Amino acid sequence: MLALSYLFGMILGSVLLILPFATKDGQNTTYINSLFTAASAVSLTGLAPYDTATHWSLFGQLVILFLIQMSGLGFMTLVSTAFLVFRHTMSLSTRNVFMLDSSGGNLSGIKTLLKRIVLGTLIFETAGALLLMIRFIPDYGAGNGIYFSVWHSVSAFCNAGFDVLGTTANKFVSLSGYVNDPLVNLTICALIVLGGLGFAVWSDILDCKLNFKKFQLNTKVVLIVNATLIVSSCALFILFEWNNAEYASFSFGEKLLASLFCSITPRTAGFSTVSSTSLSDSGFLLTTVLMFIGGSSGSTAGGMRVGTFAVIITGMFASFRGKRDINIGKRRIDHSLLSRSLAILAAMLMILIVSVGAICAIQPETGIFKEVTFECVSALSNTGLSMDFTPKLKTASSIIIIILMYAGRVGILTLGLALGQTKATAEIRRPVDNLLIG
């Protein structure tokens, strides 16, 4: 259900975007690029073959915004809401799929979680839009200022990364014009983090009334790992990019602000205030790693997910220390969770290796390994950052990126279950043997 719902959203969006009045001045849009844009919006990625502001008409932009918001809430949230509004009850299978989509754990509390998802999204996006209006209305006038504020608030909270600030003379600008603006930077960062925490985390924080000791293990891990990644990567970006050409005229405070944005947006929002092409090799590697890790399960973010990352790291240290149990705090993690986490990691790495190799073979350019790797990781992790390579993609390469974005949004584990599930049979246990490893 999850896999098909996102696929349906992409196809619906592509049909709407191929319409003549979806573009400005009758600009031609091929179906593959319409599908690419729709897939990017539904997967909350942000990679785009065209500059959103200059290519798409108001209708086209609203279609993209609708797809972003619909996917940000979650297709099963919309389905569940419809069930409650029109039928008042949901089948057990529908409840299970909704809880999988939102990473909630209690079927009996589905109505409460559903209300919190819808109201929480509305509150955060409205607050973000109001804050952005303080800057955008003076800069662009009342009409455009309100529109731009709402658009970027929704796009940031949903970790989509689409922007509508480009001009004919300056396309794909993202938020580079506000690199030194604390209001815009901190508002966008806050929305990205809130959207990337996950609906289940919000609900637990509310239930425990901000008492950290009462939080569920998942909530504690998500908050601690997120804070650690933000602080450490911000410090590393300052170190790596101190001599960056775009940082040259910045004060220390402005460098700190730009580095903070660079540490948050790869997880997995896709906005940028500093061009990805200007990053040092160390900054490029750090950004790629952050994109790969991503945000929290059940959130608007993509990537391997914070929980998966935490389980793998904890399991690795437990194995090196010869420990049988995997402990996080005062809790023990079941080994089956480590197995699934390692399966996700292995699957993502294999998919990336095949995709990068295929695109390098398809594209006529030489010396593009770095750009292609960045593009593929960005697509699979639903980030949307690019080294200006998206418009150069050939049709076959675009199809590969679309598949990566779709797989990232549905989730490697969910997609694997959807494709690999077989009829339940009694499992035959084979004799134990050994392989040499390490």
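Not measured: the values here are computed from a predicted model.
A donor-acceptor contact closer than 3.5 angstrom is absent between the side chains of Y247 and E254. Residues T390 and S386 have side chains that bring a donor and an acceptor to within less than 3.5 angstrom of each other. For the residue pair S381 and T383, a side-chain donor N or O sits within less than 3.5 Å of a side-chain acceptor on the partner.
Every residue meeting the ring-ring contact (aromatic ring centres under 6.0 Å, His included) condition with F136, not counting sequence neighbours, appears here in chain and number order: Y140, H152, Y178. In this structure, the side-chain contact (heavy atoms from CB on, under 4.5 Å) partners of T23, at least two apart in sequence or on a different chain, are Q27, T29, H55, W56. Residues satisfying the side chain to side chain donor-acceptor pair (under 3.5 Å) test with R135, not counting sequence neighbours, are D181. With sequence neighbours left out, the salt bridge (charged side-chain N to carboxylate O under 4.0 Å, His left out) criterion links D281 to K370.
Put simply, the side chain of T300 gets close to the backbone of F157: a donor and an acceptor are under 3.5 Å apart. Of the possible donor and acceptor atoms, none in the side chain of T277 sits under 3.5 Å from a partner among the backbone N and O of M387. Within the 3.5 Å criterion, the main-chain N or O of E125 finds a donor-acceptor partner in the side chain of S153.
Annotation: side chain of S280 is not in contact with side chain of N244 (no heavy-atom distance under 4.5 Å).
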Walk me through it: do F240 and F237 pass the test ring-ring contact (aromatic ring centres under 6.0 Å, His included)? CA-CA 5 Å; F240 295 156; F237 270 117; 7.3 Å; no
Going through the checks in order, is the side chain to side chain contact (heavy atoms under 4.5 Å, CB included) test met by D207 and Q216? CA-CA 10 Å; D207 289 337; Q216 295 176 5; over 6 Å; no
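Taking the six-membered ring wherever Trp is involved, the centroid distance between the rings of F148 and W151 does not fall below 6.0 Å.
Sorted by first and then second residue, the ring pair (Phe, Tyr, Trp, His ring centres under 6.0 Å) pairs involving residues 263-302 (not counting sequence neighbours) are F284-F374.
For CZ of F369, the number of neighbouring non-hydrogen atoms (other residues, nucleotides, ligands) closer than 6.0 Å is 12 at most. Within a 6.0 Å sphere centred on CD of Q363, other residues, nucleotides and ligands contribute more than 12 heavy atoms. By the 6.0 Å contact criterion, CZ on F66 is open, its count of non-hydrogen atoms from other residues, nucleotides or ligands being 12 or less.
Of all the heavy atoms in V306 and V221, the pair that sits closest is CG1-O, 4.3 Å.
Atom SG in C158 sits 8.5 Å away from atom CG in L65 (nearest 0.5 Å).
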Atom pairs and distances, side-chain donor-acceptor, residues 339-349, under 3.5 Å, sequence neighbours left out:
residue : atom : partner : partner atom : Å
S339    : OG   : H335    : O            : 3.2
S341    : OG   : L337    : O            : 2.9

